[in-house]
Structure formats: C-alpha cells, structure tokens
Colleague: 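Please see the structure below; I have some questions.
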Amino acid sequence: MEIIRKTIGQMLNETAASHPNREALIHTEVSIRYNYSLLLWEVERAAKGLMNAGIAKGDRVALLAPNIPEWIVAMLALNKIGAVLVPLDPEAGPESLRYVLGQSEARAIILARGLEAEEYVDLFFSIQDGLPSLEHTFVIATQSYPGTVPWVELTALGEDLDDEILRNREKDVLPTDPVAIMYTSGTTGSPKGVVLDHLGLINKSLASTRRQGLSHEDRLCLFLPLFHMFGNTCVALSSLLIGATIVMPCLAFDPSKALEAIHRQKCTAIYGSPSMIIGLLDHPEFKKKRFATLKKGTMGGAPCPMELMKRLVQDMGVSDITVGYGITEASSWITMTRPNDSLERRVSTIGAPLECNEVKIIHAATGEDLPPDKQGELCVRGLLMKEYYKMPGATSAAIDKEGWLHTGDLGEMDGEGYVKITGRTKDVVVRDGVEIYPRELEEVLYSLPEVAEVQVFGFPNPGKGQEVAAWVKPREGAKLTVNDVARFARRKIEKTKVPHYFKIVKDFPMTPTGKVQKFKLAELAEKEYRKEENPPASRRAPKSPAKKKKK
C-alpha cells in the first residue's frame, strides 16, 4: 500500500474542509453533537489555548478522563501542536498513575473531575507531590481548584492567539514525530511507555478501515475506554481519518446505553472484545431490532467463540464483522480477517496481515523462520513503535536488528497467509512434562451449548510445578454444573491435558477493554486450591468409569 506521509492535524483539516457539515462526533449521554466544522473549531481553540499556556512541541501531556467529548478534542489539539499525548487509565491506582506521570516526564495533565464525583481530582492531588516535571494542571470542569486552570479558561485563552501562529506550529510537526506514549498493562513488571508517531497510527488505521470496508457513511459505536488504543486509535482516530461518525453512548461501558445508542443513532459498526459483545446480546434489554443497522465492526482482545460469531452473523445480521489482532507496539492492528471470510476462518484465525505489515513465524529458541502450519513466535515488521520511552534495553529486546518486533504470542500461518494464535509464550502450561495450550482447550469447552465464556489457565502448584484450571461462565438461565463440564472435558480432551480443576463463575476479572486478566485468575486459583492436596470431586475432572472385565 502507498504510505500516507501526513500528520493527524493535516488529515483532520482536509476532512473538515471537504465535509464541514458531516456529523463527526455524537455523545448521547451528555447530549453533544459536532459536525466536522464545529469539531475542528473546538480543537483549534484548545490547541491555541495550550500553546498560549506554554505547551511546546514535544512536551508530554497526560490525559485522565472517562469517555467524554473533551477527550477527543484534547487528543486532536495535542496532535496539532506537536505535543505528546500520555493517556491515563481512570481505573489505575495512585502508585501506577504516579509512576506513569513520572516516567513519562509529563509537563502537564488534563483531567476530568471524575466519573461520579471528584475522584480523579482527589486522586491527582494525592500524588502530585514529587513530580518535578509537572508544571500545568488543566481541569475539565466549570469550577476551579487551587493551582489549576479550568478547561473553559484554557480554551478561552485560545481566542487571544492569532491563527497564523497555530498554522506555523502545525508546519513544524512532522509525520515521524512522536504523537503519543501509551503504556502497557505492566502485568509482568513496570509498565512500558510505547512511543508512537503520526505515520504509524494514520497508516495502520487507514489499512484497517479498508480491510473492514468502512467509508464516510459509516457510524461507529464507541464504548471502549478512550485511554486504550482500541478506543482512541482503532475506533476514534480511524473514524475521523475517513470522515465517518463516532457515536459515544456512555462515559463508561454500559450495555443498556450502548444498545439504545446503536438503535437510535443507527450505528453501522460495532467494536469490542467478545466479552463486551456477549454483554450486549445477553442483556435483558436486548432486542434484535436494536441491531438492525449494524453490519460491520471488529472484535479483538480475545478469541471469538464460534457460537458468538454465529449469533452475530446468522441471527443478528452483522454479516461483515471481522476479527483483528494487534498490539500497541505495532501501532495497532497487525492482522485482520475479511468481511467475506467464512465463519470458520473468522473464529479459527486472526486474519491475514494488513497490507502495511510483514508477518512471519519463527522458532522461539533458534530464531529460524518456520514454514506454513508450524507453531512458533509471531513477529511483525512495518510502522512499529519508535521505542519504549527511556528503556533502550527493553526496546532492543523487543525489536531485533532487522526491524522485527517479537510479540511473545505463539501462532501458525497457513499457505494463504492467515494466522492462528495458539497462545502466549508465558501462558503455555507445562504439567508433568506435557505442554498444554489453554486456547486449544477453551475451543473444546466452548462447544458446550450452555457455556457463555470459558478461561483455561495455569497456576503454581507447590511441589508439583504447574496445574491447569478451567473456569466457566454459563449462559443466562443455563443449568450447568462443575461435573457436567468436567465429564465433557474428559470425553473430548486428551487425558494428559485435561484440567484437574473446574469452577462455575459469574464473571471474570477484566481490563477496562473487556480482556480477561488470566494472571488474576491464576492468583485466585493458587489461593483457593493451595491447601487442597487432593481437590474435592466437585472441582476435579471425574475419573473415567472403570471397564468391566470380560468373564
């Protein structure tokens, strides 16, 4: 594909000039609607306000807020003036926020009051001491707080700055300049700041919209958290780059509000993890007619069960839904299925590489390139992150000298270039010398009609190495017992790979993007089963019935 060498600010200017009256952003919970002309006006007021306050090109500016319209406006304003956005997780604890603000050397922060009261402001005030780089605090609120500037005053400052000064700043911003530092989850150590540029975000977004078949006529429902790349790049930025419409139904994921917005605003595309989509379909207020306009979208973050894909495509008519795979270090999407792929291909693979990506499978130990249908580590090259911020050792460990990013995910690629993820190198369980891949077992258990979600994972077992557990969330109203699941597993899974522990659960610990946190499941299981040298029958796979001897 031809690489677009522009900045996000330039792309927004062009879209607003071509389609000034087209709807750009609708937020149904706070009753805000922007067409592209009005959105650009709001963005430029904020951009000039930030410049007038002293924000320079290259300054890191953190953003702590729920899904509000100002989040999008602030992101685009920072993009325009060459500042570097540092999105913050609203659900992160004080130590995590302090670490990110300190490690990123953020010079300013833009924060909302809170989701319910003033919890974000209170949290920030509790950690602001000891952050020497932090000079400016802007609060998205009408009232003022000590040492802060209200958002309305910041944007008003923009009216005092000449437009030509903003135009000159925009000319100084290059496509290869850093545009954001997005932090990894840090589940295996301190979070790492992934430095991204305009070039990568724009071209990955445009490649994904082409793969999905999106156009300016589409209306994308956005309930994913904006601090995460899935929300701010894969949906929000992608929509704005092609002149489509973003529909935001809620400040934080709310199935009821999302269903209402999809129906009332005639959304055509939906995005989320399988868990989020299941949350919509299984909600008491769900009605098929509310999905009548939905045809497109992408699921990511976790494998999509066949039953869920059938419900979406065959029962609900979301015929062109795709499945994608990406990571922050690769500037978002790496592979994606096509709208006309078979259901089997859409659930058994993560699609083929986008045109801007090269993908290969290597032997994890030797680094040797593997032929089709052989399992190894998935590597990607093309429009990757610039670095892990201030972590040269981690950067060189992730990206080799030939420019290949080693993802840590295990997979296979067939002769047509379609990739199947078989697990993560860290998720592979070795029990009694046998390698067990949780994804394979999950696919088997998903074939039980009563199962809504299943998670198979390993956890430490003192004296025995690793053990395997399968925790299952039943469908609404389904009568499913631990023994039902265990017996099914015994029939369908190789004896050496059958989980020894089973449990029926109501929910799984999730990230804000709807991805199940398996490391938390492992922690819970280790505590729960620690004292059980011989787990009770209700938690273990039942033994196969003894065969009668022939007389």
Side-chain angles (χ1 to χ4, degrees), residues 1-6 8 11-12 15 72 75 79 175 179-180 182 194 196-224 226 228-247 267-274 276-277 294-302 304 318-341 345-346 349-359 378 380-385 405 407 409 417-419 421 513:
M1 63 173 275
E2 182 181 352
I3 300 299
I4 303 297
R5 300 187 181 279
K6 297 179 181 178
I8 292 171
M11 297 288 286
L12 179 63
T15 301
I72 302 288
M75 174 183 76
N79 295 164
V179 69
M182 300 190 196
V194 180
L196 303 156
D197 60 22
H198 297 255
L199 197 67
L201 296 188
I202 287 174
N203 286 281
K204 291 291 177 84
S205 296
L206 291 176
S208 74
T209 58
R210 282 194 288 271
R211 179 66 61 88
Q212 296 170 65
L214 294 175
S215 75
H216 63 270
E217 296 179 349
D218 280 298
R219 299 167 74 82
L220 284 62
C221 187
L222 170 53
F223 46 71
L224 290 153
L226 283 170
H228 194 276
M229 174 172 270
F230 203 168
N232 64 50
T233 299
C234 302
V235 184
L237 180 61
S238 295
S239 180
L240 295 168
L241 290 175
I242 62 172
T245 303
I246 303 167
V247 177
C267 294
T268 62
I270 190 171
Y271 298 82
S273 66
M276 285 179 155
I277 305 301
L294 283 179
K295 301 297 177 188
K296 307 172 185 178
T298 300
M299 277 192 287
C304 177
V318 191
S319 57
D320 292 347
I321 192 84
T322 59
V323 171
Y325 161 81
I327 56 176
T328 310
E329 289 89 338
S331 304
S332 75
W333 298 118
I334 296 174
T335 64
M336 189 174 285
T337 60
R338 296 178 171 85
N340 60 354
D341 281 335
R345 180 161 268 179
R346 279 187 263 183
T349 79
I350 51 169
L354 295 178
E355 291 82 354
C356 53
N357 294 326
E358 295 178 76
V359 170
L378 188 151
V380 59
R381 184 166 64 181
L383 299 170
L384 304 175
M385 67 172 179
L405 171 68
T407 65
D409 285 321
Y418 278 77
V419 179
I421 291 293
T513 56

Colleague: With a 4.5 Å limit on heavy-atom distance, are the side chains of L241 and T209 in contact?
Modeller: no

Colleague: On a heavy-atom basis, which atom in L237 and which in S205 lie closest, and how many Å separate them?
Modeller: CD2-OG, 4.1 Å

Colleague: To the nearest 0.5 angstrom, please state how far the CG atom of N232 sits from the OG atom of S332.
Modeller: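 N232 CG to S332 OG: 10.0 Å, rounded to 0.5 Å.
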
Colleague: Side-chain contact, heavy-atom cut-off 4.5 Å: L354 with M336?
Modeller: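 Contact flag for L354/M336 side chains = yes.
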
Colleague: How about K204 and T233: do any of their side-chain heavy atoms sit closer than 4.5 Å?
Modeller: no

Colleague: How close do I246 and S239 get, heavy atom to heavy atom, and via which atoms?
Modeller: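 Heavy-atom minimum between the residues: CG1-OG, 3.5 Å.
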
Colleague: With a 4.5 Å cut-off on side-chain heavy atoms, are L220 and Q212 touching?
Modeller: no

Colleague: Measuring from atom CG of L384 to atom OG1 of T328, what distance do you get when rounded to the nearest 0.5 angstrom?
Modeller: 12.5 Å

Colleague: Using only atom types and a distance under 3.5 Å, with no angle test, would you say the side chain of N79 pairs donor to acceptor with the backbone of H198?
Modeller: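 Looks like no, no N/O pair under 3.5 Å.
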
Colleague: Kindly indicate, with the supporting measurements, whether the criterion side-chain contact (heavy atoms from CB on, under 4.5 Å) is fulfilled by S208 and S238.
Modeller: CA-CA 8 Å; S208 74; S238 295; 4.1 Å; yes

Colleague: What closest approach, in Å, do V179 and D197 show between heavy atoms, and which atom pair accounts for it?
Modeller: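 For V179 and D197, the tightest heavy-atom pair comes out as CG1-C, 3.6 Å.
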
Colleague: Mind checking the CG-CD1 spacing from L214 to I242? Nearest 0.5 Å is all I need.
Modeller: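 The CD1 atom of I242 is 5.0 Å from CG of L214, to the nearest 0.5 Å.
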
Colleague: Do T15 and H216 make a side-chain contact, defined as non-hydrogen atoms from C-beta onward lying under 4.5 Å apart?
Modeller: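 They are not in side-chain contact.
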
Colleague: Looking at R346 and V323, would you say the former's side chain and the latter's main chain have a donor-acceptor pair under 3.5 Å?
Modeller: no

Colleague: Side chains of I3 and L383: closer than 4.5 Å at any heavy-atom pair?
Modeller: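 Answer yes - side chains close enough.
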
Colleague: When rounded to the nearest 0.5 angstrom, what distance separates CZ in R338 from CZ in R345?
Modeller: 8.5 Å

Colleague: Rounded to the nearest 0.5 Å, what's the gap from OG1 on T322 to CZ on R211? Could you check?
Modeller: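 T322 OG1 to R211 CZ: 9.0 Å, rounded to 0.5 Å.
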
Colleague: So, for P353 and G417, which heavy atoms are closest and what is the spacing to 0.1 Å?
Modeller: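 Distance-wise, the nearest heavy atoms are CD-O, 3.3 Å.
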
Colleague: Answer yes or no: is there a side-chain heavy-atom contact under 4.5 Å between K296 and D218?
Modeller: yes

Colleague: In this structure, which one of T298, I321, L222, I277 forms a side chain to side chain contact (heavy atoms under 4.5 Å, CB included) with Y271?
Modeller: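 Among the candidates, only T298 passes.
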
Colleague: So which heavy atom on G231 is nearest to which on L224, and how close?
Modeller: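 What the structure gives for the nearest pair is CA-CB, 4.0 Å.
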
Colleague: Quick one: list whatever passes ring pair (Phe, Tyr, Trp, His ring centres under 6.0 Å) with Y325, sequence neighbours left out.
Modeller: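 Listed in chain order: nothing, the list is empty.
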
Colleague: Apply side-chain contact (heavy atoms from CB on, under 4.5 Å) to V194 and M229, showing your working.
Modeller: CA-CA 11 Å; V194 180; M229 174 172 270; over 6 Å; no

Colleague: Considering non-hydrogen atoms only, spot the tightest contact between M1 and N203 and give its length.
Modeller: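 Heavy atoms only, the tightest pair is CE-OD1, 3.8 Å.
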
Colleague: State the OG1-CD distance between T268 and E217, to the nearest 0.5 angstrom.
Modeller: 9.5 Å

Colleague: Would you find more than 12 non-hydrogen atoms of other residues, nucleotides or ligands less than 6.0 Å from K6 atom NZ?
Modeller: no

Colleague: State which residues pass side chain to side chain donor-acceptor pair (under 3.5 Å) with R5; sequence neighbours excluded, sorted by chain then number.
Modeller: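 Listed in chain order: nothing, the list is empty.
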
Colleague: Taking the side chain as everything from C-beta on, heavy atoms only, tell me whether T349 gets closer than 4.5 Å to T335.
Modeller: no

Colleague: List the steps, then state whether side-chain contact (heavy atoms from CB on, under 4.5 Å) holds for I334 with I350.
Modeller: CA-CA 9 Å; I334 296 174; I350 51 169; over 6 Å; no

